[in-house]
K.L.:
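Below you will find the structure I want to go over with you.
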Amino acid sequence: MRKVFLSFLGTSDYLPCNYTCGKKTIFQNIRFVQEATIAYHCSDWMEQDAIIVFTTEESHQKNWLDNGHKDRDGNMIQLEGLQSRIENMARPFQINEVRIGIGKDEAEIWKTFATIMKNIDDGDELYFDITHAFRSLPLLAMVIINYAKVTKNITVKAIDYGALESLGQITDVRKMEVEERNVPVFNLLPFDQLLDWTTAIDGFLIAGNPAGIQKLTTKKITPVLSETQGKDEEAASLREMSRCLGTFAETMAACRGKEIVKSAKNLQAAVENVRDQELITPLAPLLVKLKENTASFTGNEVNDGLAAAKWCLKHNLIQQGFTLLQETMCSHVLLEVTDVDHYAEKNRNMVNKAMVIQSENKSFTEWDKAAQENRSLVENLCSWFANHKDFKEQLKNIGNDRNDINHAGIRDNPMAAKKFSDRLGAYTKEFEKYAFTE
């Protein structure tokens, strides 16, 4: 893995300043902020690491090369350019200048995007200095960072910005003595982390995938727990919330019907436990959403089975939604009709047998052996279906659609993929009157 410092060079005749990186490190009387940020981040870099400075034609002439500026009389000012200043550091890292456009139109912005991406390799560890990024480049840099995380698996260690404007108007700064020009270098990495949280939360709310949230939560709380030997209550509660979130999502994805009530209840309790946490600020809106999204889980098995099917529909887990809804409806019938173990496979099989027997009006002698051996249960089920024909038809249709999905549509007259979502939505709505009113 190589380390890469990326920066943009402008055209101004930069004033000598004193730059403060981190809390104490000060670099005095230098013109280019890159001298400070490179010295701060790259002092131990090796031959495989690289400094890449993006320049326009004008910034190349004025600030990359030596003596690029003139005084009011048109005389050349003797000043070292950034290339010389970096070379004077005498470090083994590579030094590369890459030409880009000024971003005058959309086509040129896309070209700049492609150029910067071309100079980022898979797995790079990036350090950005965006102090002199002009026009749309600061925004483009943030977009590139997130794009490269996905496409090139990069990590970002720093996003630096030298805040000269913190000293006041440039006309006033010019009047200051160099000793007074103390410029803080802000690390804007929290903005990048905020974008990471945005992506992670979006991934969960849309697709029900908690991996991003769990990863970022672990990254944040691990140092706290390590420092306090696991005794920080807020960090420990966040760890438990992350665990419960993962368990809940796994329960849905793997259709663990028996675990729905427990996993939902545990998640609700864990979310409530960290409601007022301040350790991870971006979590606050997610916790509100989680509370809203799990409010329909009440601890009643049938109700929670329906809530799970609706949750799967919302998060595009269509196959899981059909499975959970069909099995919940089967449990509902058994709980309504009898006090037998509704989890027992043989009893659940009787639900389908009763549907067929009642629909085809078969006599007892036409029943198969398994149905005959469970005659009392089957008769009760047949009687219930006779009084709930709409329910029976819906359960039959759900079973047919579920088989279509489970057999990957490799059957006669498979349904179009886009129809499953609408069908599942209709089924859950129809089942609500049974789950909530009976």
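Computed from a prediction, not measured in an experiment: that's the story for all the values here.
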K.L.:
Name the orientation class of the two ring planes belonging to Phe391 and His332 (parallel below 30°, tilted from 30 to 60°, perpendicular beyond 60°).
P.N.:
tilted

K.L.:
Strictly by side-chain hydrogen bond (donor to acceptor under 3.5 Å, both in side chains), give each pair with a member in residues 221-242 just once, sequence neighbours left out.
P.N.:
Glu240-Arg243

K.L.:
Please determine, by modelled atom types, if Tyr427 and Asp401 share a side-chain donor-acceptor pair under 3.5 angstrom.
P.N.:
yes

K.L.:
Could you go through the side chain to side chain contact (heavy atoms under 4.5 Å, CB included) check for Asn400 and Lys396 one step at a time?
P.N.:
CA-CA 6 Å; Asn400 184 59; Lys396 177 182 176 182; 5.9 Å; no

K.L.:
Locate the shortest heavy-atom distance separating Ile213 from Ala200; write the atom from each residue and the value.
P.N.:
N-CB, 3.7 Å

K.L.:
Within the structure provided, determine whether Leu137 and Ile130 are in side-chain contact (heavy-atom separation under 4.5 Å).
P.N.:
no

K.L.:
Would you check, one step at a time, whether the test salt bridge (charged side-chain N to carboxylate O under 4.0 Å, His left out) holds for Arg402 with Glu327?
P.N.:
CA-CA 11 Å; Arg402 178 183 173 185; Glu327 296 301 331; 2.7 Å; yes

K.L.:
Looking only at heavy atoms, which two atoms of Glu430 and Gln394 are closest? And how far apart?
P.N.:
CG-OE1, 2.8 Å

K.L.:
Check whether any side-chain heavy atom of Arg91 sits under 4.5 Å from a side-chain heavy atom of Cys42, and report yes or no.
P.N.:
no

K.L.:
Take atom CZ of Phe191 as the centre, draw a 6.0 Å sphere, and report whether it contains more than 12 heavy atoms from other residues, nucleotides or ligands.
P.N.:
no

K.L.:
Could you check whether Arg2 pairs with Glu125 (Lys NZ or Arg NE/NH1/NH2 to Asp/Glu carboxylate O, under 4.0 Å)?
P.N.:
no

K.L.:
Under the side-chain hydrogen bond (donor to acceptor under 3.5 Å, both in side chains) rule, what do Asn406 and Gln319 come out as? Steps first, then yes or no, please.
P.N.:
CA-CA 8 Å; Asn406 289 346; Gln319 184 173 16; 2.8 Å; yes

K.L.:
Check the pair Thr56, Ser59 against side-chain hydrogen bond (donor to acceptor under 3.5 Å, both in side chains), reporting the backbone distance first and the verdict last.
P.N.:
CA-CA 5 Å; Thr56 62; Ser59 66; 3.2 Å; yes

K.L.:
Output a table of donor-acceptor pairs, distance under 3.5 Å, between side-chain atoms of residues 153-161 and any protein atom two or more places apart or on a different chain; print 'none' if there are none.
P.N.:
| residue | atom | partner | partner atom | Å |
| --- | --- | --- | --- | --- |
| Asp160 | OD2 | His41 | NE2 | 2.7 |
| Tyr161 | OH | Glu165 | OE1 | 3.1 |
| Tyr161 | OH | Glu165 | OE2 | 2.7 |

K.L.:
Contact between Phe322 and Asn403 at the side-chain level, heavy atoms closer than 4.5 Å - yes or no?
P.N.:
no

K.L.:
Answer yes or no: is there an ion pair linking Lys111 with Glu106, defined by an N-O contact shorter than 4.0 Å?
P.N.:
no

K.L.:
Measuring only between side-chain heavy atoms, which start at C-beta, is Ser136 closer than 4.5 Å to Ile109?
P.N.:
yes

K.L.:
Please name the pair of heavy atoms, one in Ala36 and one in Tyr19, separated by the smallest distance, quoted to 0.1 Å.
P.N.:
CB-CB, 3.7 Å

K.L.:
Using the salt bridge (Lys or Arg N to Asp or Glu O under 4.0 Å) rule, collect all pairs that involve residues 199-210, keeping only residues at least two apart or in two chains.
P.N.:
none

K.L.:
Look at atom CD of Gln169 and say whether more than 12 heavy atoms of other residues, nucleotides or ligands are closer to it than 6.0 Å.
P.N.:
no

K.L.:
Show the atom names and distances, to 0.1 Å, of all donor-acceptor pairs under 3.5 Å that link a side chain in residues 82-89 to residues at least two apart or in another chain.
P.N.:
| residue | atom | partner | partner atom | Å |
| --- | --- | --- | --- | --- |
| Ser84 | OG | Asp66 | OD1 | 2.8 |
| Ser84 | OG | Asp66 | OD2 | 3.2 |
| Arg85 | NE | Glu35 | OE1 | 2.8 |
| Arg85 | NH1 | Glu80 | OE1 | 2.8 |
| Arg85 | NH2 | Glu35 | OE1 | 3.0 |
| Asn88 | ND2 | Glu80 | OE2 | 3.0 |
| Asn88 | ND2 | Ser84 | O | 3.2 |

K.L.:
Which heavy atom of His342 sits nearest a heavy atom of Arg348, and at what distance?
P.N.:
O-NH1, 2.7 Å

K.L.:
Out of Val4, Ile52, Asn96, which residue meets the side chain to side chain contact (heavy atoms under 4.5 Å, CB included) rule with Asn119?
P.N.:
Ile52

K.L.:
Verify side-chain hydrogen bond (donor to acceptor under 3.5 Å, both in side chains) between Asn300 and Thr298, making sure each step is shown before the conclusion.
P.N.:
CA-CA 6 Å; Asn300 175 275; Thr298 64; 5.5 Å; no

K.L.:
Going through the checks in order, is the salt bridge (charged side-chain N to carboxylate O under 4.0 Å, His left out) test met by Lys429 and Glu432?
P.N.:
CA-CA 5 Å; Lys429 186 175 182 179; Glu432 282 181 356; over 6 Å; no

K.L.:
Asn63 and Gly10: which non-hydrogen atoms are nearest, and at how many Å?
P.N.:
ND2-O, 2.9 Å

K.L.:
Return a table of donor-acceptor pairs under 3.5 angstrom between the side chains of residues 250-271 and protein atoms on other chains or two or more places apart.
P.N.:
| residue | atom | partner | partner atom | Å |
| --- | --- | --- | --- | --- |
| Thr251 | OG1 | Thr247 | O | 2.7 |
| Arg256 | NE | Ala254 | O | 2.8 |
| Arg256 | NH2 | Ala254 | O | 2.9 |
| Ser263 | OG | Glu259 | O | 3.0 |
| Ser263 | OG | Ile260 | O | 3.2 |
| Asn266 | ND2 | Lys262 | O | 3.4 |
| Gln268 | NE2 | Thr294 | O | 2.5 |
| Gln268 | NE2 | Phe297 | O | 3.0 |

K.L.:
For Lys149, is there an ion pair with Asp196 - N to carboxylate O distance below 4.0 angstrom?
P.N.:
yes

K.L.:
After noting the C-alpha distance and the side-chain angles of Tyr147 and Phe113, does the key distance pass the ring-ring contact (aromatic ring centres under 6.0 Å, His included) rule?
P.N.:
CA-CA 10 Å; Tyr147 190 79; Phe113 173 85; 5.2 Å; yes

K.L.:
For Trp197 and Thr217, what are the C-alpha separation, side-chain angles and deciding distance, and is it a side chain to side chain contact (heavy atoms under 4.5 Å, CB included)?
P.N.:
CA-CA 9 Å; Trp197 276 103; Thr217 299; 3.5 Å; yes

K.L.:
Answer yes when Asp122 and Lys152 have at least one side-chain N-carboxylate O distance shorter than 4.0 Å, and no when they do not.
P.N.:
no

K.L.:
Among Phe54, Phe32, Tyr14, Phe8, find the one that has a ring pair (Phe, Tyr, Trp, His ring centres under 6.0 Å) with His132.
P.N.:
Tyr14

K.L.:
Of all heavy-atom pairs between Pro210 and Gly246, which one has the smallest distance, and what is that distance?
P.N.:
CG-CA, 4.1 Å

K.L.:
Under the salt bridge (Lys or Arg N to Asp or Glu O under 4.0 Å) rule, what pairs show up with a residue in residues 11-23, not counting sequence neighbours?
P.N.:
Asp13-Arg31

K.L.:
Side chains of Leu189 and Asp192: does their closest heavy-atom pair fall under 4.5 Å?
P.N.:
yes

